[in-house]
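These notes concern the structure reproduced below.
The chain is numbered in sequence order, starting from 1.
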Amino acid sequence: MKKTALVVCPGRGTYNKPELGSISSKIGEDSAKIRDIMQQIDDVRAELGVPTVAELDQMDLYKSRIHQAPDNAAALIYAAGYTDFLAINRDEYEVVAITGNSMGWYTAMACAGCWSVDTSTRLVTNMAQLTAGGEGAQFIYPLVDANWQPSAEYRSRIAEQLAAHPGELMMSINYGGYAVLAGSTAACEAAMAALPPVDERFPLLLPGHAAFHTSLMSEASESALERWPAVLFKAPSTPLIDGRGHCWPSHITSAEALHDYTLGHQVTQTYDFTRAIQVAVKEYAPDHIILLGPGSGLGGAVAQALIQCNWQGLDSKESFSKRQQQPQPYVLSMGLPEQRALVTGHDAEKI
């Protein structure tokens, strides 16, 4: 009997130096369909006059100025996630729903068949260019303690800074045990200076990020809505859960409504990843949660979202870690070789 799975797609900042070469190395000789998809993606990138995913992924050295350039980073994240999705062993897992964090929503849309490969590649590249051209900054601050328990003190600090900079500092992403704040550069700098340090790491500025998921992205949203018509969108083949926690059922979803959300609300309003995860597990009760690559950084935020709603008795980092020690962990990260093998049915070197 197949196991049901919720698939989760990562967002910005997940393809870094450790991931260099990871896309190409995971495509084995028995993956003709995946190699064909990768070729389609690279053909579009070449036509657009930007580096192909293969060129970027197979460079000898990871170069921040190249790999972190917004349209390059977006393409790498999208291609890694999409090819991971195609590599899931469908004889073992039935994907019952798909969601994502921030730009992971675009990967989720591609995985759900809402766009052609051509459209998704072009749109991912263009949205990265449009939003990167926006103003402002983005930074992270924790909402939980070391055992992933909610911290009233940390939440109070965040609320104080939001109140101190009305209209200039906003909640960008609710990301499990973290608040991702964004706004004008001046407001972000002031808030970061005012927030007490936590773990000698936070507040953490996200380099190269603009004020994503805030009203400062309105111009990017307007440009996207004008450039990308609703006719390019279609209803998902697998249910989607968006950044409001709204469910888009398969086949009967309005393509126009999906278009308006994706290029409108999703770009300019808070992305509630925490709620998306919580709604997804409650609505679809998956046997497993599969986290797509690149990397394996989504695990903590997903676990923290589950702990917040006490999903299946999870109430702390300790209880989640214990649950993960089972032969078949509840959360399976395709960025971890041993867990990837459980998802694909192949060894760690192949898809």
Polar contact flag, side-chain donor to acceptor under 3.5 angstrom, Tyr78-Thr121: yes
Taking side-chain contact (heavy atoms from CB on, under 4.5 Å) as the definition, give me every residue that meets it alongside Pro229, ordered by chain and number, with sequence neighbours left out. Val231, Leu232
Thr125 meets the side-chain hydrogen bond (donor to acceptor under 3.5 Å, both in side chains) criterion, sequence neighbours left out, with Arg45
For residues 111-170, which residue pairs qualify under ring-ring contact (aromatic ring centres under 6.0 Å, His included), counting only residues two or more places apart or in two chains? Trp115-Phe233
Distance col, row Gln308:CD vs Gln149:CD, nearest 0.5 angstrom, shows 10.5 Å
All heavy atoms of Cys114 vs all of Leu240, minimum pair found to be SG-CD1, 3.8 Å
Please lay out, stage by stage, how Tyr15 and Tyr62 fare under the test side chain to side chain contact (heavy atoms under 4.5 Å, CB included). CA-CA 10 Å; Tyr15 188 101; Tyr62 180 87; 4.2 Å; yes
Can you see whether Gln339 engages Ser333 through a side-chain donor-acceptor pair at a distance of less than 3.5 angstrom? no
Results of salt bridge (Lys or Arg N to Asp or Glu O under 4.0 Å) for Arg323 - residues two or more places apart only: none
Show the nearest heavy-atom pair for residues Ala182 and Ala211, with the distance to one decimal. CB-CA, 3.7 Å
When you compare the side chains of Trp105 and Tyr261, does any donor N or O come within less than 3.5 Å of an acceptor on the partner? no
Residues passing the side-chain hydrogen bond (donor to acceptor under 3.5 Å, both in side chains) test with Gln129, sequence neighbours excluded, are Asp71
Would you call Arg340 and Asp84 a salt bridge, taking side-chain N to carboxylate O under 4.0 Å as the test? yes
Determine, for Arg244 against Asp242, whether the closest basic-nitrogen to carboxylate-oxygen distance falls under 4.0 angstrom. yes
Quick one: which residue pairs count as a ring-ring contact (aromatic ring centres under 6.0 Å, His included) with a foot in residues 266-290, not counting sequence neighbours? Tyr175-Phe273, His213-Tyr271
Answer with yes or no whether the hydrophobic clustering places Leu216 together with Phe212; edges join I, L, V, M, F, W, Y residues whose side-chain heavy atoms lie under 4.5 Å apart. no
